[in-house]
Participant: 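Can you keep this structure in mind? I'll have questions shortly.
Just so we're on the same page: letters track the sequence lines, and every chain starts at 1. The model shown is predicted, which means the values in this text are computed figures rather than measured ones.
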2 protein chains.
Amino acid sequence: MSFDPILSNLRKHIALSPAEETYFVSLLKPKRFQKKEFILKEGQVCKHINFVNSGLLRAFYLNQENKESTIMFAISDWWVTDMHCFLEEKPAMLNIQSVSESEVLQLSKIDLDHLYIEIPKFERFFRILMQNAYVREQLRVIQNLSLSAEERYHNFLAKYPQIGSQVTQKQIASYLGITPEFLSVIRGQK
Amino acid sequence: MSFDPILSNLRKHIALSPAEETYFVSLLKPKRFQKKEFILKEGQVCKHINFVNSGLLRAFYLNQENKESTIMFAISDWWVTDMHCFLEEKPAMLNIQSVSESEVLQLSKIDLDHLYIEIPKFERFFRILMQNAYVREQLRVIQNLSLSAEERYHNFLAKYPQIGSQVTQKQIASYLGITPEFLSVIRGQK
DNA sequence: GTGATTTCTTAAAGTACATTAAGCTTTGTA
DNA sequence: TACAAAGCTTAATGTACTTTAAGAAATCAC
């Protein structure tokens, strides 16, 4: 499995020496997941943060009535985990599942904590990653509060065109917070 | 204006030497805001991140139809800004207004960028701050997608009891994404 | 203190979306 | 290749929430 994508991803924000890159790469666990396979299941302790090398993952929450809410889709070059449970090393409240066959690089909490100490540049890297994630989630809150389902759907397609074509309408609907039936109505009226 | 609260806030995650603390404090601009005064207005370039020393601030978004959506309330010991526009030094899309008379310590983007270089421990501090903000916003997305207005209201009161008693129902309603009239109905039926 | 604003409440009517259910289409599997 | 399972569509009915409006209560300004 190639480490080029993850190294390019790091280089967007920090510059590592070849030795540092080698050390970082040595901490990564490459994993392959079949379509529908689970990277993380609710209740499991979430020990890794995952970098998507190829494929597509979906993180979702199941409420008491077993209704799914899709929290995020993660395509190539994205990082994904149940952040809350990863940071606190608690049982996950999210499920993360492979939408299509995927290649993932996993970094454990323990190794990441070492990395912060041995190569403080990683503090900067993850500071920027977390900043961007915060801004993205806040924008989603704003959109969920101020836009209609139809507007959110068109925003979603415009922002993530590659994802829109790979996932089911049921999954898109659960990302938008509506039923698949209503999404079908929205799509019908053009 | 006292710098103790902000120094205690830093000490939750990093240890600074007395000289570093003095340097950090020298970068802060203390400001007082009257009730209803604006810390930031939509369209202004957002140059500061704000630490709330006392009082209460509210960040909100105005959509095309001038409907308000409250993005966050910030009480003592909280940091608040329009993060997206602060990071990119772009015109703000959010408004930040003082709910009650407030004392605020402002740190500019320029000074923060210097701080990251001169005292890399601040990378860690803001990494943790951003992590927590991300987790909080993601939890809000989950709740907005999976809970009814009534459940969100009770969650809000349970989580932020001090805020619930200081702001108007109109402001709470705009945080929950419902109308004040409907919030009144929810409150009426107990 | 008094009038003017803003906030809160209540209720009737309207709308965006959910639920249920049925038929149709596509995908997965022996 | 065939059947089962899952996904998509459509429509009727239901519900959570909005809109409008009007009056009562609280807060603000002079």
Side-chain angles (χ1 to χ4, degrees), chain A residues 33-38 56 58 60-70 73 95 97-101 141 143-157 163-190, chain B residues 33-38 56 58 60-70 73 95 97-101 141 143-157 163-190:
Chain A
F33 294 96
Q34 301 294 105
K35 190 168 179 170
K36 298 202 175 162
E37 206 177 336
F38 280 84
L56 174 56
R58 183 175 72 101
F60 62 95
Y61 173 74
L62 285 175
N63 76 359
Q64 289 84 337
E65 293 102 40
N66 259 24
K67 197 186 94 178
E68 276 188 15
S69 298
T70 293
F73 295 103
N95 297 277
Q97 192 180 20
S98 196
V99 170
S100 53
E101 200 184 348
V141 168
Q143 297 194 142
N144 283 348
L145 293 178
S146 66
L147 299 181
S148 69
E150 186 173 358
E151 291 168 313
R152 279 178 279 144
Y153 173 60
H154 292 301
N155 278 190
F156 173 79
L157 289 188
I163 297 174
S165 57
Q166 287 185 73
V167 302
T168 64
Q169 285 185 208
K170 193 178 160 188
Q171 292 171 342
I172 296 176
S174 89
Y175 179 89
L176 300 174
I178 59 177
T179 59
E181 292 84 354
F182 189 58
L183 179 53
S184 181
V185 171
I186 288 175
R187 283 168 43 88
Q189 64 192 325
K190 80 116 190 305
Chain B
F33 294 95
Q34 301 293 107
K35 189 167 178 171
K36 297 201 175 163
E37 206 177 337
F38 280 84
L56 174 56
R58 183 175 72 102
F60 62 95
Y61 172 74
L62 285 175
N63 75 0
Q64 289 84 337
E65 293 102 40
N66 260 25
K67 198 186 94 178
E68 275 186 18
S69 298
T70 293
F73 295 103
N95 297 277
Q97 191 180 20
S98 196
V99 171
S100 54
E101 201 184 347
V141 168
Q143 297 193 142
N144 284 348
L145 293 179
S146 66
L147 300 181
S148 69
E150 185 171 359
E151 290 168 313
R152 280 179 277 145
Y153 173 61
H154 292 301
N155 279 189
F156 173 78
L157 288 187
I163 297 174
S165 56
Q166 287 185 73
V167 302
T168 63
Q169 284 184 210
K170 193 179 160 188
Q171 292 171 343
I172 297 175
S174 89
Y175 180 90
L176 299 174
I178 58 176
T179 58
E181 292 83 355
F182 188 58
L183 179 54
S184 182
V185 171
I186 289 174
R187 284 168 42 89
Q189 64 191 327
K190 82 116 189 304

Participant: Between Phe182(B) and Leu183(A), which residue's closest nucleotide on DNA chain C lies nearer the 5′ terminus?
Facilitator: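 Mapping each residue to its closest nucleotide by heavy atoms, the 5'-most match is Phe182(B).
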
Participant: Could you check which of dT10(D), dC8(C), dA16(D) has an atom nearest any side-chain atom of Gln169(B)?
Facilitator: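 For the Gln169(B) side chain, the nearest candidate turns out to be dC8(C).
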
Participant: Within the supplied structure, the quantity of interest is the number of heavy atoms (other residues, nucleotides, ligands) at a distance under 6.0 Å from Lys67(B) NZ; does it exceed 12?
Facilitator: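 Atom NZ in Lys67(B) is crowded, with more than 12 foreign heavy atoms closer than 6.0 Å.
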
Participant: For Glu151(B) and dC17(D), give me the distance from atom CD to atom P, rounded to whole Å.
Facilitator: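 That distance rounds to 9 Å.
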
Participant: Among the nucleotides dT9(C), dC17(D), dA21(C), which one has an atom lying closest to any side-chain atom of Glu181(A)?
Facilitator: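 From the listed options, dA21(C) comes nearest.
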
Participant: For Gln171(B) and dT7(C), give me the distance from atom CD to atom P, rounded to whole Å.
Facilitator: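 Taking CD of Gln171(B) and P of dT7(C), I get 8 Å after rounding.
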
Participant: Using a heavy-atom cut-off of under 4.0 Å over every strand shown, decide if Lys35(A) touches base, sugar-phosphate, or nothing.
Facilitator: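 Sugar-phosphate only.
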
Participant: Once you round it to whole Å, what is the distance between C1' of dA18(C) and CG of Asn63(A)?
Facilitator: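 In whole Å, dA18(C) C1' and Asn63(A) CG are 14 Å from each other.
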
Participant: Among dC8(C), dT10(D), dC17(D), find the nucleotide with the atom closest to the side chain of Ala149(B).
Facilitator: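 Nearest to the side chain of Ala149(B) among the choices is dC17(D).
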
Participant: In whole angstrom, give the distance that lies between atom CD of Gln34(B) and atom P of dA29(D).
Facilitator: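 In whole Å, dA29(D) P and Gln34(B) CD are 12 Å from each other.
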
Participant: Return yes if some donor-acceptor pair links the side-chain N/O of Arg152(B) with the main-chain N/O of Leu176(B) below 3.5 Å, else return no.
Facilitator: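 At least one qualifying donor-acceptor pair exists.
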
Participant: Contact class for Lys36(A) vs. all strands (heavy atom < 4.0 Å): base, sugar-phosphate, or nothing?
Facilitator: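 Touches nothing.
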
Participant: State which of dT9(C), dC17(D), dT20(C) makes the closest approach to the side chain of Ser148(B).
Facilitator: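 Comparing dT9(C), dC17(D), dT20(C) against the side chain of Ser148(B), the answer is dC17(D).
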
Participant: Whether the side chain of Gln97(A) engages the backbone of Arg58(A) through a donor-acceptor N/O pair (distance < 3.5 Å, no angle test) should be reported.
Facilitator: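 Here the side-chain-to-backbone pair does not exist.
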
Participant: Check the distance between dT9(C)'s C1' and Ile172(B)'s CD1 and give it to me in whole angstrom.
Facilitator: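 After rounding, the reported distance stands at 15 Å.
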
Participant: Could you give the CG-to-P distance, from Asn144(A) to dC17(C), as a whole number of Å?
Facilitator: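 It works out to 12 Å between those atoms.
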
Participant: Nearest to the Thr179(A) side chain among dT19(C), dT9(D), dT18(D), which nucleotide is it?
Facilitator: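 Ranking dT19(C), dT9(D), dT18(D) by closest atom to the Thr179(A) side chain puts dT19(C) first.
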
Participant: Base, sugar-phosphate alone, or nothing: which one does Thr168(B) contact when heavy atoms must sit under 4.0 Å apart?
Facilitator: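 Since only primed, P, OP1 and OP2 atoms lie under 4.0 Å of Thr168(B), the category is sugar-phosphate.
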
Participant: dA16(D) P sits how many Å from Lys67(A) NZ, rounded?
Facilitator: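 Whole-Å distance recorded here is 13 Å.
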
Participant: Whole angstroms only, please: what is the CD1-P distance between Ile186(A) and dT10(D)?
Facilitator: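 About 14 Å, once rounded to whole Å.
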
Participant: Looking at side-chain heavy atoms only, is the closest gap between Phe73(A) and Gln166(A) below 4.5 Å?
Facilitator: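 Contact flag for Phe73(A)/Gln166(A) side chains = no.
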
Participant: Taking side chain as C-beta onward, heavy atoms only, is Thr70(A) less than 4.5 Å from Val167(A)?
Facilitator: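 The answer is no; the side chains never approach within 4.5 Å.
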
